[in-house]
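The chain is numbered in sequence order, starting from 1.
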Amino acid sequence: MIMAARCKSPLAFTLPLLIAGCATTPPSNINDLCAIFDEKDDWYEDAKAAEKRWGTPVHVQMAIMRQESAFRDDAQPARRKLLGIVPWTRPSSAYGYPQAKDGTWDWYISKTGNRGADRDDFSDAVDFIGWYTNISNKKLGISKWDAKHQYLAYHEGHGGYSNRSYNRKPWLIGVADKVGRQSKTYAAQLKKCEKSLNKSNSFWPF
């Protein structure tokens with residue numbers, strides 16, 4: 001099991017009150033990709049690094065993440081209620097920006113060697129999404145530009161997608177359609193600010 005730490009500093013283990021101060025607030029406007037990258041200085045560079053490594057476009061990565069966590073670093077599934085009142089266990093171990101489960105995150109670390117990666121670290125999260133969608137492309141033939149079907153494979157797992165488990169979940173197909181639309185919106189927005197973002201990030205030789 002991966003225990004995702006919100007703070008890299010060892011002080012977090014002795015001074016719990018500091019943990020809340022290390023949490024990252026989500027972007028103010030999650031509907032505008034240019035606004036997101038303008039507010040979060042390093043996120044564009046991180047997303048482009050994942051795109052360069054795995055081939056999944058920035059707008060697809062970000063559309064999946066928006067659906068999964070709304071860019072909240074500590075996102076988790078809501079707890080079940082015991083007797084309808086008492087907070088109880090969570091339905092899964094999904095956590096962080098990518099809502100990756102413990103076992104899937106362990107698989108990612110094992111295959112990429114990204115030791116110390118955290119689900120509440122944006123750079124690690126977009127790399128994970130790029131890695132997973134790359135596998136979906138290789139195993140299932142899903143285009144890396146196809147946000148809808150990439151999301152279905154992301155949500156259901158590769159085995160579930162192969163068995164078309166999503167066909168028994170009309171609500172999930174609706175969500176995947178939403179991710180597809182969001183991806184297209186993000187792509188259109190990015191075209192308007194990408195040149196400026198590339199100039200601001202000298203790391204990228206465009």
In Å and rounded to the nearest 0.5 Å, what is the CD to CG distance from Glu156 to Leu172? 5.0 Å
Derivation and outcome, side chain to side chain donor-acceptor pair (under 3.5 Å), residues Asn31 and Arg66: CA-CA 9 Å; Asn31 296 315; Arg66 184 195 187 284; 2.5 Å; yes
Does the pair Lys48/Glu194 count as a salt bridge with the N-to-O cut at 4.0 Å? yes
Within the distance-only criterion (no hydrogens, no angle test), does the side chain of Asp146 pair as donor or acceptor with the backbone N or O of Ile142 below 3.5 angstrom? no
Distance-only, no hydrogens or angles: does the Arg72 side chain make a donor-acceptor pair with backbone N or O of Ser69 under 3.5 Å? yes
To the nearest 0.5 Å, tell me how far Gln61 CD sits from Lys144 NZ. 11.0 Å
Kindly say whether Asp124 contributes a backbone atom to a donor-acceptor pair with the side chain of Asp121 at under 3.5 angstrom? yes
Interatomic distance, CD@Gln99 vs CD1@Ile129, rounded to 0.5 Å, equals 10.5 Å
side-chain contact (heavy atoms from CB on, under 4.5 Å) between Val58 and Leu190, worked out: CA-CA 9 Å; Val58 169; Leu190 188 59; 4.2 Å; yes
Any donor-acceptor N/O pair, Thr133 side chain to Gly130 backbone, under 3.5 Å: yes
For atom NZ of Lys184, is the number of surrounding heavy atoms from other residues, nucleotides or ligands below 6.0 Å larger than 12? no
In terms of relative ring orientation, are Tyr166 and Tyr161 parallel, tilted or perpendicular, with 30° and 60° separating the classes? tilted
Does any N or O in the side chain of Thr185 come within less than 3.5 Å of the main-chain N or O of Arg181, such that one atom is a donor and the other an acceptor? yes
Please tell me whether Val179 and Trp145 are part of a single hydrophobic cluster in this structure, the criterion being side-chain heavy atoms less than 4.5 Å apart. no
Would you name the heavy atoms of Ala153 and Leu140 that are closest together and state the gap between them? CB-CD1, 3.9 Å
Please verify the inter-ring angle class for Tyr151 with Tyr154; under 30° counts as parallel, over 60° as perpendicular, anything in between as tilted. parallel
Taking Asp127 for the side chain and Ser123 for the main chain, is one N or O donor matched with an acceptor at less than 3.5 Å? no
For side-chain contact (heavy atoms from CB on, under 4.5 Å), just list the numbers for Gln182 and Ile64, CA-CA rounded to whole Å, side-chain angles, deciding distance to a tenth of an Å, and then say yes or no. CA-CA 9 Å; Gln182 185 65 69; Ile64 290 174; over 6 Å; no
Counting neighbours of NZ on Lys169 that are heavy atoms of other residues, nucleotides or ligands and sit closer than 6.0 Å, is the number greater than 12? yes
What is the minimum heavy-atom distance between Ile135 and His158, and which atoms define it? CG2-CE1, 3.3 Å
Angle class for the Tyr186/Phe71 ring planes (parallel below 30°, perpendicular above 60°, tilted otherwise)? tilted
Could you state the interatomic distance from CG (Asp32) to CD (Gln189), rounded to the nearest 0.5 Å? 4.5 Å
For Ala47 versus Phe37, what's the shortest heavy-atom pair and its separation? CB-CZ, 4.4 Å
Got a second to check how far Lys148's NZ is from Ser183's OG, nearest 0.5 Å? 13.0 Å
Does the side chain of Asn167 come within less than 4.5 Å of Arg164's, by heavy atoms? yes
Are Gln150 and Tyr132 close enough, and set up right, to give a side-chain contact (heavy atoms from CB on, under 4.5 Å), and what steps lead you there? CA-CA 9 Å; Gln150 281 287 355; Tyr132 194 91; 5.7 Å; no
From the list Asp102, Asp73, Asp106, salt bridge (charged side-chain N to carboxylate O under 4.0 Å, His left out) with Arg119 holds only for Asp102
Out of Trp105, Trp131, Tyr108, which residue meets the side chain to side chain donor-acceptor pair (under 3.5 Å) rule with Asn114? Tyr108
In this structure, CZ of Arg115 is separated from OG of Ser110 (nearest 0.5 Å) by 6.5 Å
What closest approach, in Å, do Tyr97 and Glu68 show between heavy atoms, and which atom pair accounts for it? O-CB, 4.1 Å
Do you know which two heavy atoms are closest between Asp38 and Asp41, and how far apart they sit? O-OD1, 3.7 Å
Taking it one step at a time, do Ile36 and Trp43 satisfy side-chain contact (heavy atoms from CB on, under 4.5 Å)? CA-CA 8 Å; Ile36 291 172; Trp43 283 18; 3.7 Å; yes
Heavy-atom pair with the smallest gap, counting every atom of Val126 and Ala50: O-CB, 3.6 Å
Would you say the side chain of Met62 lies within less than 4.5 Å of the side chain of Leu33, judging by non-hydrogen atoms? yes
